[in-house]
Amino acid sequence: MADLGLGKETTKDLTRIERIGAHSHIRGLGLDDALEPREVSQGMVGQTGARRAAGIVYKMIKEGKIAGRAILLAGQPGTGKTAVAMGLAQALGEGTPFTTIAGSEIFSLEMSKTEAMTQAFRRSIGVRIMEETEIIEGEVVEVQVDTPAGGGAKTGRITLCTTEMETVYDLGAKMIEALQKEKVSAGDVITIDKASGKISKLGRSFTRSRDYDAMGPQTRFVQCPEGELQKRKETVHVVSLHEIDVINSRQQGFLALFAGDTGEIKGEVREQIDMKVAEWREEGKATVVPGVLFIDEVHMLDIECFSWLNRALESDLAPVLIMATNRGMAQIRGTAYKSPHGIPIDLLDRLMIISTTPYAEAEVRRILQIRCEEEDVEMSDDALELLTKIGMEASLRYAIHMIMAASLVAHKRKAGEVDVQDIKRVYSLFVDVKRSTQFLVEYQQEFMFNELGGDDMEEEEEEEEEEEGEKAAVGEGREGAADMAED
Ligand SMILES: Nc1ncnc2c1ncn2[C@@H]1O[C@H](COP(=O)(O)OP(=O)(O)O)[C@@H](O)[C@H]1O
Ligand SMILES: [Mg+2]
């Protein structure tokens, strides 16, 4: 293993920072033991069909059964597609790699599209590596430190024992410092990692419990270890294939992981690593943990990315692919063709599609309430009622965004609680998409680069809106308008 440079400390805590502020109230899928959705649980409200389906996906991932399969979450904006994916990520927990990217990110990285896709794929595949480390574990009999008279480095000795043996070890300056930092004294039971020199205190030995009755109640007492002082201990790390790639690509080095600036990785490096991982698997040193790659706003990918995905899903080392889109019939980027969800038919054919549906008023109210708690905002019942109305008429997201703004407005008038007047104020200060669109239609002449109303007007819904007036705009406008907002 050492030949791949996988040190103990190198890759343990490296997870990508995810942009999940809007979904921080989601703590899981909110399912019971039978994987049936609870009405409100773990921050999740309603959307039971999609959550039930996600529960089945969860089960299959846990059992390692659907690597290489792909799932599409399809539905209108603000119906909880991203929320369901985040809930799934939470439910799977830390042991399963979960990578989130937005379709458009592929184009903004300083590398080719296929390289970016490859990296996202390999980030989502974990390798669980079993490693044996040597440790010394024993009860401290005595620590002696000599401080040389003329200054210079300290030296010392530590005597450790088990129920069967006792040994004296020489100490260097670094170890002495570590022991002092951990406040190790006679009677402590400690382990020392032989490779890294890391010292951990397990507790106080029972044999000393009587001498030290003045110790605090937190003191943990443990048995004096048995047998040999030196032991082998099995440790397990999960690293992603991508992390192994980066560490081993010469020109990058593992510092690149911290900089996030990994550049392109050579094909040969990846081949070698795949071979090495296959070897470890055969020797029983490692297992592969297929994780999840979530591509949000997947309609932003172009035809090349889609065809790459088609092929990549068939490889041995493929994660579970979950995608989300809010598009109906849409153009496949990079072509002149339209297709359902803007995804080519051959890829669509491989997908299991989960659809999300718009929320009922009670659900919107509950979600807003949860967001208030999450953002630490007190709100009166009347205000929540009004906000719910706005959530239904405008959009759930707009209503969610109003919470913080309204709280600041309330704060300004020195009120501890958001009231109807604060909601009204924010509603007048910040227009939602629908009002903004209406405004644009009315005053289009005043704006630069105005393309509305010409022959090339694409959105059919908007024409309808104009004809049918206000009422239709509320229901119909939602999709078209929010589509604009997404871009
Ligand atoms: N069922 C739900 N339970 C709790 N919060 C939800 C639910 N559905 C959506 N939300 C929240 O509403 C907001 C909009 O939902 P989001 O998942 O971003 O919609 P989409 O991805 O479908 O456009 C987010 O803040 C999300 O966390
Ligand atoms: Mg989304």
Side-chain angles (χ1 to χ4, degrees), residues 18-31 36-55 58 71-91 98-105 292-301 322-328 330 341-342 353-377 384 387-388 390-405 432-433 478-487:
E18 283 162 15
R19 304 160 303 136
I20 52 167
H23 309 283
S24 52
H25 60 290
I26 308 255
R27 319 219 192 280
L29 285 169
L31 307 175
E36 278 296 307
R38 295 195 170 98
E39 197 44 48
V40 180
S41 170
Q42 295 187 315
M44 273 287 186
V45 181
Q47 207 60 259
T48 45
R51 281 163 61 202
R52 191 174 292 130
Y58 165 81
I71 287 141
L72 177 68
L73 286 158
Q76 292 174 26
T79 48
K81 298 180 295 295
T82 310
V84 167
M86 292 305 157
L88 181 63
Q90 298 271 331
F98 196 105
T99 315
T100 306
I101 57 168
S104 51
E105 260 178 69
V292 178
L293 171 60
F294 174 52
I295 308 183
D296 210 348
E297 315 291 339
V298 71
H299 48 261
M300 293 305 289
L301 296 184
I322 299 183
M323 300 174 277
T325 179
N326 53 29
R327 297 301 151 99
H341 310 298
I353 302 180
I354 301 176
S355 55
T356 53
T357 48
Y359 293 109
E361 190 164 331
E363 290 161 336
V364 168
R365 184 182 304 114
R366 197 70 185 84
I367 292 172
L368 289 171
Q369 213 175 10
I370 291 174
R371 282 307 298 186
C372 284
E373 282 162 27
E374 180 72 17
E375 298 182 29
D376 253 335
V377 172
L384 184 65
L387 196 59
T388 307
I390 293 171
M392 293 298 289
E393 294 274 315
S395 81
L396 174 59
R397 274 214 205 125
Y398 174 68
I400 288 178
H401 287 158
M402 281 176 76
I403 296 174
M404 191 38 76
D432 55 303
V433 190
R478 186 172 298 166
E479 263 197 71
D483 259 12
M484 282 173 45
E486 292 287 311
D487 289 347

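Counting convention: from 1, in listed order, for ligands and their atoms alike.
In terms of polar-atom proximity, defined here as any N/O pair under 3.5 Å, Ala22 does make such a contact with ligand 1. The shortest N/O to N/O separation between Gly78 and ligand 1 falls below 3.5 Å. The N/O atoms of Ala83, backbone and side chain alike, include one that comes under 3.5 Å of an N/O atom in ligand 1. Note: no N/O pair closer than 3.5 Å links Gln47 and ligand 1 by distance alone. No N or O atom of Ile400 sits closer than 3.5 Å to an N or O atom of ligand 1.
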Test side chain to side chain contact (heavy atoms under 4.5 Å, CB included) on Gln90 and Leu29 and set out the steps. CA-CA 8 Å; Gln90 298 271 331; Leu29 285 169; over 6 Å; no
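By the criterion of a heavy-atom distance under 4.0 Å, neither the backbone nor the side chain of Met86 is placed next to ligand 1.
Proximity annotation for atom 11 (C) of ligand 1: of His25, Glu297, Arg366, Arg371, His25 comes nearest, heavy atoms only. For atom 3 (N) of ligand 1, the choice among Ile370, Val45, Val84 with the nearest heavy atom turns out to be Val45.
Across all their heavy atoms, Gly78 and Tyr359 have their closest contact at O-CE1, 3.6 Å.
Heavy-atom proximity to Thr82, at under 4.0 Å, picks out these atoms of ligand 1: 17 (O), 21 (O). Residue-ligand proximity, His23 to ligand 1, at heavy-atom distances under 4.0 Å covers atoms 16 (P), 17 (O), 18 (O), 24 (C), 26 (C), 27 (O). Close approach of ligand 1 to Pro77 is summarised as follows: ligand atoms under 4.0 Å from at least one heavy atom of the residue are 23 (O). Remark: ligand 1 atoms within the under-4.0 Å shell around heavy atoms of Arg397 are 14 (C), 16 (P), 18 (O), 19 (O), 20 (P), 21 (O), 23 (O).
A side chain to side chain donor-acceptor pair (under 3.5 Å) with Arg371 is found for one member of Glu375, Glu373, Glu374 and no other, namely Glu375.
At least one heavy atom of Leu396 sits less than 4.0 Å from an atom of ligand 1. The shell of residues lying under 4.0 angstrom from ligand 1, judged by heavy atoms, excludes Gly75.
Within the 4.5 Å cutoff, the side chain of His341 has no heavy atoms near those of the His299 side chain. Taking 4.5 Å as the limit, every side-chain heavy atom of Leu387 sits out of range of all side-chain heavy atoms of Val364. A heavy-atom distance below 4.5 Å is found between the side chains of Val40 and Ile370. Annotation: side chain of Gln47 is in contact with side chain of Thr357 (closest heavy-atom distance under 4.5 Å).
A side-chain donor-acceptor contact under 3.5 Å links Arg51 to the backbone of Gly30.
For residue Asn326, no N/O/S atom approaches the Mg ion (ligand 2) to within less than 2.8 Å.
Checked by atom type, the side-chain pair Glu297/Ser104 shows no donor-acceptor distance below 3.5 Å.
Interatomic distance, CE of Met300 versus CZ of Arg327, reported as 7.5 Å (0.5 Å rounding).
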